[in-house]
Amino acid sequence: MQHEPLPERFRRHALLPEEAQRLILECVRPLEIERVPLLEAWARRLAEPLVAPHPFPPFRRSGMDGYAIRAADVGAATAERPITLEVVESLPSGVEPTRAIGAGQAARIMTGGMVPEGADAVVMLEATKHVGKADEPHFVQISKPVLPGLNIADIGCEIQNGATLIPAGALVQAGESALLAACGYATVAVARRPRVGILSTGNELLEVGEPLAPAKIRNSNLPMLAAMIREAGAEPILLGQVPDDRDRAGALVTEGLSRCDLLLTTGGVSVGDYDVMVDVLAAPDIRLLFNKIAMRPGSPTTAALRKDQLIIALSGNPGACFVGYHLFVLPVIKRLQHVDNPYATPFQAYLGVGYPKVNAYRRYIRGRMNIVDGLVKVWPTGDDKSSLMTTIVGADCLIEIPPLKSGLEAGQLVTAWRLD
Ligand SMILES: Nc1nc2c(c(=O)[nH]1)N[C@H]1C(S)=C(S)[C@@H](COP(=O)(O)OP(=O)(O)OC[C@H]3O[C@@H](n4cnc5c(N)ncnc54)[C@H](O)[C@@H]3O)O[C@H]1N2
Ligand code: MOO
Ligand SMILES: [Mg+2]
């Protein structure tokens with residue numbers, strides 16, 4: 001008996017997820033740099049390392065309200081025989097001292113003030129007794145010895161001149177904003193926001209505002225992806241949804257590529273009669289990188305290049321679309337924003353409940369982590385079927401379940417990745 005040759009769409013070579021990640025990332029070049037005002041840099045990624053242009057603090061800074069003195073002057077001070085120093089100057093923050101402190105002298109100084117030459121310690125106000133008007137004393141009494149360096153932050157003790165404080169690719173958040181400001185970065189070099197196109201395919205798809213109709217569902221993948229793309233500091237370009245029609249989908253892919261740095265599609269990548277992305281990506285000017293991955297969910301996740309532009313065709317199943325985004329799309333968005341190692345860091349955790357399913361492929365299940373009695377534990381958010389959306393809600397990690405003949409028991413160690 002003669003068999004028809006197997007159609008192309010059924011003949012697929014499955015890569016390991018890490019091989020698929022590597023193939024994709026090899027095609028990505030960081031985007032050009034733009035300069036934005038510091039206050040607009042929040043949630044963007046640095047395109048250049050932040051290098052300290054000067055030490056910080058830039059002057060010897062008092063850590064207390066009190067008196068700048070010479071420690072040697074009060075070495076013999078006791079409660080019974082306090083030592084009296086002459087107050088030669090008063091130094092609020094922001095005022096440069098006009099004179100050095102000589103033997104037997106002190107300067108009244110405020111927190112953040114510049115410690116004058118000659119002084120090597122600041123004694124807090126509460127440990128002193130002044131003579132004269134409260135805010136303008138002429139003499140101050142110190143009743144115990146102090147160590148040199150007391151309450152003085154030396155030049156550069158926090159940040160050395162020329163130190164690399166933050167690497168390129170770092171997300172600008174609160175701490176980064178503070179450092180950038182302290183170092184005088186009024187404008188910040190950030191990666192241009194990646195433009196990420198989203199195109200959904202499916203005859204069954206309704207717009208979110210449309211009423212339900214028989215056999216139809218609303219397009220939930222598009223807003224889900226848009227939310228994650230925004231979270232990643234990129235700009236979603238909404239190309240909308242098309243029915244399973246090769247020409248219409250192909251035209252939107254072309255339009256998307258002309259407007260985006262990276263194009264995502266959802267649905268139509270499996271072996272079904274209407275899996276239209278398979279045909280679109282078979283066009284002669286498109287080079288397929290892979291169309292099958294040895295994992296669940298999202299085994300038919302596909303990636304391709306047109307010229308040097310990347311198309312990642314995610315599975316239509318919402319759970320698979322979500323996992324595919326985290327494994328394959330987010331690293332691309334990060335690399336476009338100059339992140340050197342864009343992959344999530346794995347951690348080890350104890351499985352909070354058993355996972356009884358027999359498992360032919362590696363699985364990435366949507367999970368939640370928590371610390372219980374000092375141990376990091378992870379739980380599936382619920383059923384990990386690829387078609388489910390409800391178990392995406394609240395997921396803060398992906399739990400790896402290796403291929404197993406017998407499932408896993410509660411308490412076994414697993415690898416997981418934080419979703420952030
Ligand atoms: N005979 C086989 N059938 C299937 C296989 C297989 O190997 N052989 N693989 C299954 C696996 S695994 C996956 S994953 C899915 C992949 O499906 P597609 O990527 O082709 O996606 P569609 O067929 O278009 O849709 C699948 C599912 O998802 C729903 N969907 C699609 N788009 C959206 C959207 N924007 N928002 C919400 N939901 C969406 C769609 O209605 C379907 O229910 O194929 C399996 N089949
Ligand atoms: O590879 Mo699929 O996402 O398991 O249904
Ligand atoms: Mg399909």
Side-chain angles (χ1 to χ4, degrees), residues 6-17 20 197-210 212-229 236 238-246 248-249 252 256 263-282 290-304 311-329 357-366 380 383-393 395 398 400-401 403:
L6 211 53
E8 187 65 36
R9 60 175 53 194
F10 294 119
R11 279 190 275 124
R12 297 189 180 191
H13 167 66
L15 301 184
L16 287 174
I198 319 171
L199 168 61
S200 294
T201 66
N203 287 328
E204 74 279 33
L205 298 181
L206 297 168
E207 302 278 353
V208 60
E210 291 186 88
L212 272 186
K216 306 280 190 187
I217 56 164
R218 299 188 186 96
N219 180 355
S220 59
N221 285 341
L222 188 131
M224 174 179 74
L225 288 171
M228 295 193 287
I229 289 166
L238 308 180
L239 299 160
Q241 57 197 47
V242 276
D244 296 316
D245 173 292
R246 178 192 174 142
R248 289 178 67 183
L252 268 181
L263 177 63
L264 307 182
T265 67
T266 69
V269 286
S270 186
V271 296
D273 296 342
Y274 303 92
D275 281 339
V276 71
M277 284 310 299
V278 177
D279 302 316
V280 170
L281 298 179
F290 57 81
N291 59 6
K292 196 170 171 76
I293 308 176
M295 63 178 257
R296 284 283 154 81
S299 55
T301 303
T302 298
I311 306 164
I312 302 182
L314 296 165
S315 162
N317 269 328
C321 185
F322 177 81
V323 170
Y325 172 86
H326 282 285
L327 293 184
F328 305 110
V329 179
K357 266 196 220 168
V358 175
N359 211 20
Y361 295 98
R362 192 192 300 171
R363 275 180 189 275
Y364 293 94
I365 59 181
R366 289 143 266 167
D383 191 331
D384 67 307
K385 273 200 209 83
S386 131
S387 56
L388 302 185
M389 279 168 291
T390 43
T391 45
I392 295 170
V393 178
L398 289 181
E400 180 187 317
I401 308 284

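Indexing begins at 1, ligand by ligand and atom by atom, following the structure's order.
Set against the non-hydrogen atoms of Thr266, the atoms of ligand 1 under 4.0 Å away are 35 (N). Atoms of ligand 1 found under 4.0 Å from any heavy atom of Ile217 (numbered from 1 in listed order, with element): 37 (C), 38 (N), 39 (C), 41 (O). Contact atoms of ligand 2 toward Pro297: 1 (O), 3 (O), 4 (O) (distance under 4.0 Å to a heavy atom of the residue). Close approach of ligand 1 to Val269 is summarised as follows: ligand atoms under 4.0 Å from at least one heavy atom of the residue are 18 (P), 19 (O), 20 (O). Close contacts of ligand 1 with Ser299, meaning ligand atoms under 4.0 Å from a residue heavy atom, involve 12 (S). Near Asn317, the atoms of ligand 2 lying under 4.0 angstrom from a non-hydrogen atom of the residue are 5 (O). Proximity to Asn219 (heavy-atom distance under 4.0 Å) selects the following atoms of ligand 1: 34 (C), 35 (N), 36 (N). The ligand atoms of ligand 2 that sit less than 4.0 angstrom from a heavy atom of Arg296 are 1 (O), 2 (Mo), 4 (O). Near Ser299, meaning under 4.0 Å from any of its heavy atoms, are these atoms of ligand 2: 1 (O). Those atoms of ligand 1 that come under 4.0 Å of a heavy atom in Gly267, given as number and element, are 19 (O), 21 (O), 24 (O).
The closest protein non-hydrogen atom to atom 2 (Mo) of ligand 2 is Gly298 N, 3.5 Å. Atom 37 (C) of ligand 1 has as its closest protein heavy atom Ser220 OG, 3.2 Å. The protein atom (non-hydrogen) at minimum distance from atom 1 (N) of ligand 1 is Val271 CG2, 3.5 Å. Residue, atom and distance of the protein heavy atom nearest to atom 5 (O) of ligand 2 are Ser386 OG, 2.8 Å. Given atom 46 (N) of ligand 1, the protein heavy atom at minimum distance is Ser270 OG, 3.7 Å. Closest to atom 23 (O) of ligand 1 among all protein heavy atoms lies Asp275 OD1, 3.3 Å. Annotation: atom 33 (C) of ligand 1 to nearest protein heavy atom, Asn221 ND2, 3.3 Å. When hydrogens are left out, the protein atom nearest atom 40 (C) of ligand 1 is Glu204 OE2, 2.9 Å; that is the closest non-hydrogen contact. Of all protein heavy atoms, the one closest to atom 27 (C) of ligand 1 is Asn317 OD1, 3.2 Å. Regarding atom 29 (C) of ligand 1, its nearest protein heavy-atom neighbour is Gly316 O, 3.7 Å.
Of the options Leu225, Leu222, Leu199, a side chain to side chain contact (heavy atoms under 4.5 Å, CB included) to Leu238 is made by Leu222 and by none of the others.
Residue Tyr361 places its OH atom among 12 or fewer non-hydrogen atoms of other residues, nucleotides or ligands, all under 6.0 Å distant.
Side-chain atoms of Arg363 do not come within 3.5 Å of backbone N or O of Ile401 as any donor-acceptor pair. For Asn203 (side chain) and Asp244 (main-chain N/O), a donor-acceptor pair under 3.5 Å exists by modelled atom type. Asn317 places no side-chain N or O within donor-acceptor distance of the main-chain N or O of Ala320, the cut-off being under 3.5 Å. The main-chain N or O of Gly209 is never found under 3.5 Å from a side-chain atom of Arg218 such that the two would form a donor-acceptor pair.
In this structure, the side chains of Arg296 and Ile365 stay at 4.5 Å or more apart for every pair of heavy atoms. With a 4.5 Å cut-off on side-chain heavy atoms, Pro243 and Tyr274 do not count as touching. At least one side-chain heavy atom of Ser270 sits less than 4.5 Å from a side-chain heavy atom of Pro300. For the pair Thr301 and Ser299, the minimum side-chain heavy-atom distance is 4.5 Å or more. Contact check for Asp384 versus Arg366: side-chain heavy atoms found under the 4.5 Å cut-off. Contact of the Val276 side chain with the Val242 side chain is not registered, since no non-hydrogen atoms from C-beta on lie closer than 4.5 Å.
Note that the CG atom of Leu388 and the CZ atom of Phe322 stand 13.0 Å from one another [nearest 0.5 Å].
Contact annotation: for Leu205 versus ligand 1, heavy atoms closer than 4.0 Å belong to the side chain alone.
Using a 4.0 angstrom heavy-atom cutoff, Pro300 counts as in contact with ligand 1. Heavy-atom separations between Gly268 and ligand 1 include at least one value shorter than 4.0 Å. Residue Pro300 places a heavy atom less than 4.0 Å from ligand 2. The closest approach between a heavy atom of Leu222 and any atom of ligand 1 is not below 4.0 Å.
Taking any N or O of Ala320, backbone or side chain, none lies under 3.5 Å from an N or O belonging to ligand 2. Considering backbone and side-chain N/O atoms, Ser315 never comes within less than 3.5 Å of an N/O atom of ligand 2.
Distances from the Mg ion (ligand 3) to each N, O or S atom of Asp275 single out OD1 as the nearest.
For the side-chain hydrogen bond (donor to acceptor under 3.5 Å, both in side chains) test, no residue two or more places apart in sequence or in another chain qualifies with Glu400.
For the residue pair Thr266/Ser200, the side-chain donor-acceptor check at 3.5 Å is satisfied. Defined by atom type and a distance below 3.5 Å, a donor-acceptor pair is missing between the side-chain atoms of Thr302 and Asn291.
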